[in-house]
Number of protein chains: 2
Amino acid sequence: MKNRLKELRSARGWTQEDLGKRLGVSRQAIIALESDKHDPSLDLAYRIAALFGEPVETIFENPHA
Amino acid sequence: MKNRLKELRSARGWTQEDLGKRLGVSRQAIIALESDKHDPSLDLAYRIAALFGEPVETIFENPHA
DNA sequence: ATCTCGTGTCAGGTTTACCTGACATTCGAG
DNA sequence: CTCGAATGTCAGGTAAACCTGACACGAGAT
């Protein structure tokens, strides 16, 4: 699922590890998300949206909309 | 994660199996969601939102909002 | 009373999200 | 040139989401 995670992260000058710590996940999880290897759980998607102050749909593209 | 799935489903007169077929998941998956045993994947959450014509956040409570 | 339909629940299996740890590469700072 | 920081990538593990199949139970219809 396409997403703007890498864009949002680097716009804030955060490293992958920074972001992982802020979200409570590992760096590997960040890598997998940024490189579209995984889709996040809904709970993690909510945490990401809260962290960046954007709705989930503007960060993770909804293929069923 | 608290959700309104059962409410939305029965409001439409659908069985758990009906809903599962419309969403492309098993009846067990529906049961697990309705009884809060599982959180959905983001992709499934998007399919559910599309099916009921509501945003994800009004169906699945966001504990990080 | 029986039959059916919807639901609840158990058992066991597969896939995927997420984990830790290790190492190679690149690149800017000193 | 060297060092450290950030990233990429691999290997192997755990946990949760999802699967199929089976059976018990209650409520309604016949």
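Chain identifiers are assigned alphabetically (A, B, ...) following the order of the sequence lines, protein sequences preceding nucleic acid strands; residue numbering begins at 1 within each chain.
- We find that CG of B/Leu42 is positioned 10 Å from P of C/dC18, with the value rounded to whole Å.
- In this structure, CD in A/Glu34 is found 11.0 Å from CD in A/Glu7, a value given to the nearest 0.5 Å.
- Legend: residues meeting salt bridge (charged side-chain N to carboxylate O under 4.0 Å, His left out) with A/Lys21, ordered by chain and number and at least two apart, are A/Glu17.
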Mind listing the N/O atom pairs, protein and nucleotides 21-23 of chain D, below 3.5 Å?
residue, atom, partner, partner atom, Å
D/dG21, O6, B/Gln28, NE2, 3.4

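- One can place CG of A/Leu23 at 15 Å from C1' of C/dC19, the figure rounded to the nearest angstrom.
- Between B/Arg47 atom CZ and B/Ser41 atom OG the span is 6.0 Å, to the nearest 0.5 Å.
- Atom P of nucleotide C/dG8 and atom CG of B/Leu19 are separated by 13 Å, given to the nearest angstrom.
- Rounded to the nearest 0.5 Å, atoms CZ (A/Arg9) and CZ (A/Arg4) are 14.0 Å apart.
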Below 3.5 Å between N/O atoms, which protein atoms pair up with nucleotides 25-27 of chain D? Just atom names and distances, please.
none

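- Here CD of B/Glu61 is found 12.0 Å from OG1 of B/Thr58. Values are rounded to the nearest 0.5 Å.
- Here D/dA6 presents its C1' atom at 14 Å from CD1 of A/Ile30, a figure rounded to the nearest Å.
- A/Asp43 approaches B/Pro63 most closely through the heavy-atom pair OD1-CG, 3.8 Å.
- Without hydrogens or angle criteria, B/Asp39 side chain to A/Leu42 main chain gives no donor-acceptor distance under 3.5 Å.
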List, one per line, each side-chain donor-acceptor pair under 3.5 Å for residues 22-33 of chain A, sequence neighbours excluded.
residue, atom, partner, partner atom, Å
A/Ser26, OG, A/Gln28, N, 3.4
A/Ser26, OG, A/Ala29, N, 3.2
A/Arg27, NH1, A/Gln16, OE1, 3.2

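- Minimum interatomic distance between A/Pro55 and A/Ala49 (heavy atoms only, all atoms of both residues): C-CB, 4.2 Å.
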Nucleotides 13-18 of chain D: which of its N/O atoms have a protein N/O under 3.5 Å away?
residue, atom, partner, partner atom, Å
D/dA17, OP1, B/Asp39, N, 3.1
D/dA17, OP2, B/His38, ND1, 2.5
D/dA17, O5', B/Asp39, O, 3.3
D/dC18, OP1, B/Ser41, N, 3.3
D/dC18, OP1, B/Ser41, OG, 3.2

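- Rounded to the nearest 0.5 Å, atoms CE (B/Met1) and CD1 (B/Ile59) are 12.5 Å apart.
- In this structure, CD of A/Glu17 is placed 15 Å from P of C/dA22, rounded to the nearest angstrom.
- Regarding contacts with the backbone of D/dG8, a side-chain N or O of A/Lys6 is found under 4.0 angstrom from either OP1 or OP2.
- Rounded to an integer number of Å, the gap from A/Glu34 CD to C/dC18 P is 14 Å.
- Within the 4.5 Å cutoff, the side chain of A/Ile48 has no heavy atoms near those of the A/Asn3 side chain.
- Between B/Leu5 atom CG and C/dT7 atom C1' the separation is 15 Å, expressed in whole Å.
- Counting to the nearest Å, the C1' atom of D/dT7 and the CD atom of A/Gln16 are 6 Å from each other.
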Inset, instruction - Evaluate side-chain contact (heavy atoms from CB on, under 4.5 Å) for A/Leu5 paired with A/Leu19, printing each intermediate quantity in order. - result: CA-CA 10 Å; A/Leu5 210 59; A/Leu19 180 55; 4.3 Å; yes
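- The minimum heavy-atom distance between B/Phe60 and A/Tyr46, with the atom names listed, is O-OH, 2.7 Å.
- Summary of helix geometry: the two end axes of the helix from C/dA1-D/dT30 to C/dG30-D/dC1, each defined by five base pairs via their C1' atoms, are inclined to each other by 30° (rounded to 10°).
- Closest of all the heavy-atom pairs between B/Leu8 and B/Arg12 is O-NH1, 3.2 Å.
- One finds a side-chain N or O of B/Arg9 lying less than 4.0 angstrom from the OP1 or OP2 phosphate oxygen of C/dT7.
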